[in-house]
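Here is the structure we will look at, set down as structure tokens.
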Protein chains: 2
Amino acid sequence: MDKNNHFTKQAKVLRALAHESRLMIVDRLSRGECSVGDLHGLVGGDLSTVSKHLALLRAHGVVEDRRERTTVYYRLLTPCVCNLFTCATQVLKERKR
Amino acid sequence: MDKNNHFTKQAKVLRALAHESRLMIVDRLSRGECSVGDLHGLVGGDLSTVSKHLALLRAHGVVEDRRERTTVYYRLLTPCVCNLFTCATQVLKERKR
DNA sequence: TTCGTTATTGGTCATATTGCCATATAGTAA
DNA sequence: TTACTATATGGCAATATGACCAATAACGAA
């Protein structure tokens with residue numbers, strides 16, 4: 001497998017996560033599955049915008065969904081994404097010194 | 001401190017990393033400091049483009065630089081960014097199943 | 001079927017990102 | 001000084017991203 005290609009793929013995953021609202025969503029999902037409506041309540045803005053953020057996360061393999069009656073629940077597919085928070089926080093901390 | 005604000009900051013750090021060329025740079029720097037010229041040889045494209053990627057990484061606290069004569073060397077400021085690779089890879093792996 | 005609830009998709013505009021070119025700067029040596 | 005090497009910066013055009021509104025779809029209840 002080509003190495004550049006792997007960096008390209010990784011970059012896409014990171015870009016999928018690198019957004020304020022999507023980080024809020026991931027952070028919430030790291031504490032258990034949640035409906036679109038509740039995520040919307042958390043994130044704010046237009047519901048359709050939240051839905052698009054979720055579609056993007058799903059397309060990149062970060063989350064998956066499950067429908068129950070008329071409600072759709074999302075959950076993390078790869079819990080390790082929490083490491084990103086730790087890492088980003090550490091970069092921010094280091095920067096201040 | 002406001003929580004949303006923290007997500008915003010984290011998102012900026014992740015965006016700084018979420019680019020093919022910048023991941024290549026970070027990956028290389030994770031194995032020790034390196035000059036701009038050598039990074040350019042690795043990444044390809046225009047040298048000025050590489051320089052801008054480095055400026056962006058520096059502005060976000062991911063790397064720092066040191067000048068020796070006419071050569072500028074860059075190095076990682078926060079080694080934990082390697083966790084990002086692990087995590088992104090895991091997301092990619094999970095997606096395939 | 002028709003209606004209400006929940007979520008997704010299409011369209012469009014504004015803004016952000018990226019890459020290349022040309023130019024400028026920092027440092028060294030002659 | 002001039003010239004040379006190594007990097008950085010300004011500017012611009014192409015593309016990508018994000019937010020909203022409107023329209024649509026999926027499902028259950030009446």
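Values below: all heavy atoms of this structure, side chains included; hydrogens, waters and symmetry mates excluded. None of these values were measured; they are calculated from a predicted model.
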**Distance in angstrom units between B:Leu14 CG and D:dT17 P, rounded** = 16 Å
**Asked** Are B:Phe85 and B:Leu76 joined in one hydrophobic group, where the rule is that I, L, V, M, F, W and Y side chains link up if heavy atoms are under 4.5 Å apart?
**Response** yes
**Prompt:** Considering heavy-atom distances to DNA chain D, does B:Asp38 or B:Lys52 have its closest nucleotide positioned more toward the 5' end?
**Reply:** B:Asp38
**Request:** Give the rounded distance in Å between these two atoms: NZ of A:Lys12 and C1' of D:dT17.
**Result:** 15 Å
**Request:** Would you kindly give the NE2-to-P distance between A:His53 and D:dG18, to the nearest whole Å?
**Result:** 7 Å
**Message:** What is the distance, to the nearest angstrom, from the CD1 atom on B:Ile25 to the P atom on D:dT7?
**Reply:** 13 Å
**Prompt:** What does A:Ser21 touch in the nucleic acid at a heavy-atom separation under 4.0 angstrom: a base, only the sugar-phosphate, or nothing?
**Reply:** nothing
**Prompt:** Within this structure, what is the CG-to-P distance between A:Leu57 and D:dT17, rounded to whole angstrom?
**Reply:** 14 Å
**Prompt:** At their closest point, which heavy atom of B:Glu20 faces which heavy atom of A:Ala11, and how far apart are they?
**Reply:** N-CB, 3.5 Å
**Request:** Whole angstrom is fine here: how far is it from CD in A:Glu20 over to P in D:dA19?
**Result:** 8 Å
**Asked** Roughly, in whole Å, what's the span from CG in B:Leu47 to C1' in D:dG10?
**Response** 16 Å
**Message:** Checking A:Tyr74 against A:Arg58: is there a side-chain donor and acceptor pair closer than 3.5 Å?
**Reply:** yes
**Fill in**
Nearest heavy-atom approach of A:Arg22 to A:Ala16 is NE-O, 2.5 Å
**Asked** Below 4.0 angstrom, N of the basic side chain to O of the carboxylate: do B:Glu33 and B:Arg66 qualify?
**Response** yes
**Request:** Assign each of A:Asp65 and A:Arg15 to its nearest nucleotide of DNA chain C by heavy atoms, then name whichever residue's nucleotide is nearer the 5' end.
**Result:** A:Asp65
**Message:** Students often get this wrong, so: under 4.0 angstrom with heavy atoms, is B:Leu54 touching a base, only sugar-phosphate, or nothing?
**Reply:** nothing
**Asked** How close or far is atom P of D:dA8 from atom CG of B:Leu39, stated in whole angstroms?
**Response** 10 Å
**Request:** Give A:Thr71 one of three labels, base, sugar-phosphate or nothing, depending on what nucleic acid heavy atoms sit under 4.0 Å from its own.
**Result:** sugar-phosphate
**Item:** D:dA6 OP1/OP2 closer than 4.0 Å to side-chain N/O of B:Thr70
**Value:** no
**Request:** Under 4.0 Å between any heavy atoms, over every strand shown, what does A:Tyr73 touch: base, sugar-phosphate, or nothing? Just pick one.
**Result:** nothing
**Request:** Give the intermediate values and the outcome of side-chain contact (heavy atoms from CB on, under 4.5 Å) for residues B:Leu39 and B:Arg28.
**Result:** CA-CA 8 Å; B:Leu39 290 170; B:Arg28 171 60 189 81; 3.8 Å; yes
**Message:** For chain B and DNA chain C, what are the first and last nucleotides along the strand, 5' to 3', with at least one atom under 4.0 angstrom from a heavy atom of the protein chain?
**Reply:** C:dT17 to C:dA29
**OP1 or OP2 of D:dC20 under 4.0 Å from side-chain N/O of A:Thr49** = yes
**Message:** Over all strands shown, is A:His40 touching base, sugar-phosphate only, or nothing at heavy-atom distances under 4.0 angstrom?
**Reply:** nothing
**Prompt:** Do A:Thr78 and B:Gln90 have a side chain donor and acceptor closer than 3.5 Å?
**Reply:** no
